Structures are given as structure tokens and as C-alpha cells.
Colleague: 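Sending over a structure as C-alpha cells; questions will come in a sec.
Remember, it's 1-based here, ligands and their atoms both numbered in the order they're listed. Keep in mind it's a predicted model, so treat the numbers as computed, not measured. By convention here, the first residue in the shown sequence is residue 1.
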Amino acid sequence: MRSRRARWLKAAGSGLSAALAVLALTSCGALDELTGTKIDTVGQVPFENRLAIPPLADSKLDADGRRLFTLTADPGESELRPGAKTDTWGFSGSYLGPTLRASRGEQVVVDFRNGLDEETTVHWHGMHLPAAADGGPHQAVEPGGSWTPTWEIDQPAATLWYHPHPHGDTEEHVYRGLAGMFILDDAEEAELDLPREYGVDDVPVIVQDKRFADDGSLIEDERERLGILGDTLLVNGTYGPYLDVSTERVRLRLLNGSTARTYDFGFSDQRDFALIATDGGLLERPAELDRIQLSPGERAEIVVAIEPRERVVLRSYPPDLEPGSDSSRQDGGEDSFDVLQLRAATALEPSAALPTELVDIPKLDPADAAETREFELRSRRINDEEMDMDRIDTVVSKGTTEVWEVENGHGQPHTFHVHDVQFQVLDVDGEDPPPELSGWKDTVQLPPRVKVRLAMAFEDYADPSSPYMYHCHLLRHEDEGMMGQFVVVEPGEQAAEPPAHGEPGHNHAEDHG
Ligand SMILES: [Cu+2]
């Protein structure tokens, strides 16, 4: 018997029936309206623009040897579509932000200034750090205000990212352009023979979908039930991008920086690639795949081989969001996109063969779990509760391992993201995780009725009054309350009152005066 998970992963067989369903639906206009419009840009995208590479952020070492970055959030104007100006927001620029980069063991300081005319925050997605430095909704920064979090990088090399996390407004802030990559390095990764020349054979690929009005402005108020599903893709802010490849292998750091859309990445000629890392770092060994499905917030590092003079397109194929459902089209489940063209030079620099082994990942043992908790995602609630900044939902003891059983009890796709820690997926509906869920993760997809068991270790950073978040990373769902709060405390300690702030759900900019 095929399990739900197996159907979820192996969607190829359902392609024909899906296609027939589309034919049936398109012959009935009324249904078409109910289920959204299928988008297919394959073959339609002119790859005329060189892929922008986000600059590496400048940093300097201060007197204490700490690595100091500066970052601002500002409004700006960008030419996202050729010949049209778009009002956007960006970090230290008009759209997206520089790539921050630091090594394990370093103490980093980020001097952030909010140049917007409303509150925002900067959350370090995937970062293990004290809750007060996390940049969640409790660390709101006033217009014109600043915030200077500091923490020690204490986790494996990984592709992380940063984005705002203001209470109720995260979708809007990210959609307008506030996001950037944060790459972590460590000695283990450095010893491996992997492509690592930034912007040359180690390339950030931040994929986002947009919907543009005729005047070039971003359409922000047309949503499907998952949120804004755009018909135009940008990669690193570039429309119709191509990447000149000068080496035999190229490492792509894929980040789904979209607010709602899930992509199923693969290549136009169906070639295999090697998946080497997921959200929280390298896998134990490369996995040969021809597809990698990423929901908003998820990352994957892949290495792809290319021949001289070749042109091959990174595509997004219809993602498998909700097996057996008729409403997948409404959620982008039938959409296809051309994403990025790779253009190989006539002569390529040699690249080393990929290592067969990457890193050891110490397995978290569910038998060690001090607590097993259940989380059910339904409607816009978790365990029947809507996000309340004044309510601590979960209290975790420092120094313990926990198992979180997370189930989507709803007829819509959701995802689950946990701050502070990277987790390991123990099983999906009782089955062993596939390669893409075999390493460190901080965000996981949850198709309707699917249940995942996650193991996570809370080794440090007790703070009874500063909560971390867990939430659906479909940002509209998060904004609408599909989020909860946990604190990490010393064993035996109670949660304290969360810091004062405005009423839940209302724009609390005036409450900080
Ligand atoms: Cu959701």
C-alpha cells in the first residue's frame, strides 16, 4: 500500500490525472474561477539579464574582536521589470539586502537602523541565538530607531537568511523586498572539496514571485488562500536572469524567499543534481535528485554539473502540495516557471568531484526526549489558539531534547518553522524521512493531514521573559495568527511575563512612545 507520504513525494504518476482534471475544469468556466488560474512561464521568459549577485556585506572587527555589520531598512525604487520603476523596500539598498557571512565561533554584532516610516524587525531565520537577539515580534524597532543584537555563531556551516518579523505585517515587509542571505562557515565545510567561490561557482539563488500592476507597482492586496501568488519570478531581484558558468560544477544556494508559493525545482533536461545541504547545514552525504521541493523559507544547496557551451534552465515544476485534492490549482499546485538559465562558457575550469561523504550528523534520540508535545495546525490557529504576544504557549527546559509531533489537521497546505534550534525529522506519517529531510531543518512542509515528528535539542540560552516563535511560514497565515510562542528556561524555572507591547493584532507603533 502506498502511504500518503509516498504519494506526496512521488507525484509523477498523478501528472496525467491532474492534466485530465485541468481539461475537465477548463471546460467549465465557473469552476475555473474557484480554483485559480494556472500559470506556466516555461519557454516564455527572455533570459536577457545577468543574475544580480547580492554583495557580501562589509564587516569589521571591533576592539573586542567581534564582527560588526551595519544594516538599514529603507524604502527605495527598483527596476524589477525592464523599463518600469517599482517602489520597493530593501536592506542597505533598494531591494533585498547584502549577504552577511560569518564563521562558527565568531561573535557577531549587527547595528541595525530602521529607515522605514513604520515598525519592523530583523529576524535571523535558522540562527541559534538568544531569544532577545532573534528579531521576532517582541524586538520591534521604531521608525528611525536602531537595534544592536549580538551573539556567537554556534552551529554548523549553513545557508540561513534574514527578514522582518513584525507582528501582523511580515508578509508585506518581505514581499516589498526586505530579505537577505546569511551564510555561515565552519572548519568542517572548509575542508571539503566543494565549490565555494562566492558569485562564481557558489551562487545565492533567492527565488521570489511577484504580481505587478501596469504602472510597475507591486500588487499587494490580491491573495489566494495561501497568500500572494505572483505570476512573475525574480531571482536575487533579477527578472529573466541568466548566470554565466565558468566551472564544471556550480553550487546553487536555493532560498525560497517567497511569501506563499512553493517551488519544485529541477532542470529543463531533467538532469540529476546533488543535494548537499538543507536548511541547517550539510547532509551526511550528497543525494542524487532531479527535483527539490521548497516551501517558503526553506533552503537547499545543490551542486550541478554542466558541459562547455551548454545552456540549461532551472525550472519550477508543479509542486505536490495536497495529494488527491481538487483545490491544488488555487494554491499554485499546477504552476510551472522558468527560473534561471545557466550558460556555460566554451571552456570550463575543472571542478573537483564531489566528496562521497560530507559531515557527521549526531542523531538526536527520541528515547532521550524529556517532553513530547503535539501541535495541530488548523485554519489559522495552532492547537486552537491564535497568536497572542502576551501568552507563552510552551515552556522548554534548557538542556533537554524534545519531540514535537506536528500535524496538519486542515484541508490546506501549511508549513512549520521553529526559531532557535535546527531539528531532525524522525518520521513523516510514520515513515523514514527522504534525503531532503535527512539533515538539519528549521522549516518543514505539511500537506493536509500529514504528521511529522521532529526532534530538537535546547542546549542553551535560557531566558524566561523572551519568547521564541514557532509558526506556519506561509507569511499571510503567520500574520493571521498561525503562530505560537515558547520560552527556554533553566530547569524548574517558570516562564515570566513577556515584555510589554501593544494589543495583539493591531499596529502597535504608537504604543512604544
Ligand atoms: Cu499555513
Colleague: Does a side chain donor of either R253 or T159 reach within less than 3.5 Å of an acceptor in the other side chain?
Modeller: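 Note: R253 and T159 side chains meet the donor-acceptor criterion.
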Colleague: Working note: H165 + D134, criterion side-chain hydrogen bond (donor to acceptor under 3.5 Å, both in side chains); need CA distance, chi angles, decisive distance, verdict.
Modeller: CA-CA 10 Å; H165 210 305; D134 189 44; over 6 Å; no
Colleague: Is it true that the NZ or CZ of K210 lies under 6.0 Å from the centre of Y175's six-membered ring and within 45 degrees of the ring axis?
Modeller: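 Relative to the ring axis of Y175, which defines the angle, K210 lies inside both limits.
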Colleague: For the Cu ion (ligand 1), give me the closest N/O/S atom belonging to H414, just the atom name.
Modeller: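 Result: ND1.
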Colleague: With a cut-off of 2.8 Å, does any N, O or S atom of H473 fall short of it relative to the Cu ion (ligand 1)?
Modeller: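 No, H473 does not qualify, because none of its backbone or side-chain N, O or S atoms lies under 2.8 Å.
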Colleague: Taking the six-membered ring for Trp, is the centroid-to-centroid distance between F265 and F273 below 6.0 Å?
Modeller: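 That pair fails the under 6.0 Å test.
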Colleague: Round to 10° and report the angle made at the Cu ion (ligand 1) by ND1 of H477 and SG of C472.
Modeller: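 Between ND1 of H477 and SG of C472, the angle at the Cu ion (ligand 1) is about 130°.
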